[in-house]
Amino acid sequence: MIRLKNVFAAIILGAVSGMTAIAPTASAAEVNLYSYRQPFLMNPLLDAFTQQTGIKVNMVYLKKGMLERLKAEGANSPADLVLTADIGGLHNLVEAGLLQSSESNTLKHNVPGQFRHPDGLWYGLTTRARIIYAHKKRVKPGEVTTYEDLAKPHMKGRICIRSGKHVYNVSLLAWMIAAKGEAAAEAWAKGLKANLARKPQGNDRAQVKAVYTGECDVSLGNTYYMGKMMTNEKSPEQKDWAAAVNVIFPNQGDRGTHVNISGAGITKSAKNKANAVKLIEFLSNDAAQKIYAEDNFEYPVKAGVKVHPIVAGWGKFKAEETLLSNIAEHRTQATRIMDKVRFDN
Ligand code: FE
């Protein structure tokens, strides 16, 4: 009980301040976590992990600045493990030399090859597709079926999207570069920019709201936001936003829909590496994968774990097959293109 209390204290402090200090410790029964994933999702998972293993988890929830913080802390960083909501976050940590590889048969078994780093520097835990949200009446069937359609003249002034520099959109463009080359990706970003109804702003859900209110007809967003809007009791107006749109999985006739991961990696400075591996393994097991699916409408990476019934209702879809590690390598180019086409201006 005392142990659990401490876990929650750490989580709450981390969530509030984002800057909670954790004393660097090596302990047989402890693991320290920096997380971009939110406490509402992680608390039940970490609670279950502690109950099962007796290992205490100290989680610091960060909204941003993980890389800078790990860099500044260097070898003295208390963090053993990081959790991010996008491949970009993990890739940037790899590039900065802040992660170390880990070997685990459980992880090899639970996480399919395309969702983990070839050398075990990071492991995907869930996937999410970046889909098109289209107004049920104002967008005719067949009018938008691909990402490419979003850059065509018939979509002029009809699209809302969050910042082009947001990790989700950078990953999407990086994938476009991997699939079609830099010139084609740049032309697409330019075309998309030219079709925007307003300056990029807000988060993925804010775009669906704008479709609902009539500011635009179409937006781009991650799959789980649809589930979260459809079931939002705290902000029931979001149910109306969701009810106004159809979800479209783009490019089903060719290369498939862009898929990103949330994932975990072990820091180079980890003092509790064995416990960190245990925690990633735990998060990749059936029980935890089920929580990700049920509480946050994500797609489990582990085969055989069921998605939420709402997610199942959208049907199966063809996902991109490009390796995530290849996509990650094009992120710098993607950011450069977003700047070049002045996407956010
Ligand atoms: Fe998100």
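All ligand and atom numbering here is 1-based and tracks the order in the structure.
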My understanding is that only residues two or more places apart in sequence, or in another chain, count here; which of them pass side chain to side chain contact (heavy atoms under 4.5 Å, CB included) with Gln252? Phe249, Thr257, Phe317, Lys318

Do you know which of Arg158, Arg138, Arg198 makes salt bridge (Lys or Arg N to Asp or Glu O under 4.0 Å) with Glu215? Arg198

Distance-only donor-acceptor hits, side chain of residues 84-98, under 3.5 Å, sequence neighbours excluded:
residue	atom	partner	partner atom	Å
Thr84	OG1	Asp86	N	3.4
Thr84	OG1	Asp86	O	2.8
Asp86	OD1	Ser171	OG	3.0
Asp86	OD1	Asn260	ND2	2.7
Asp86	OD2	Gly88	N	2.5
Asp86	OD2	Gly89	N	3.1
His91	NE2	Ala328	O	3.2
Asn92	ND2	Gly88	O	3.4

Contacts table for residues 111-119: side-chain donor-acceptor under 3.5 angstrom, sequence neighbours left out:
residue	atom	partner	partner atom	Å
Arg116	NE	Val111	O	2.7
Arg116	NH2	Lys108	O	3.3
His117	ND1	Asp119	N	2.9

Value rounded to 0.5 Å, distance of CG in Asn246 from CE in Met226: 7.5 Å

How many protein N, O or S atoms are found at a distance of less than 2.8 Å from the Fe ion (ligand 1)? 3

Does the structure place the NZ or CZ of Arg130 under 6.0 Å from the centre of the six-membered ring of Trp175, at an angle of no more than 45° from the ring's axis? no

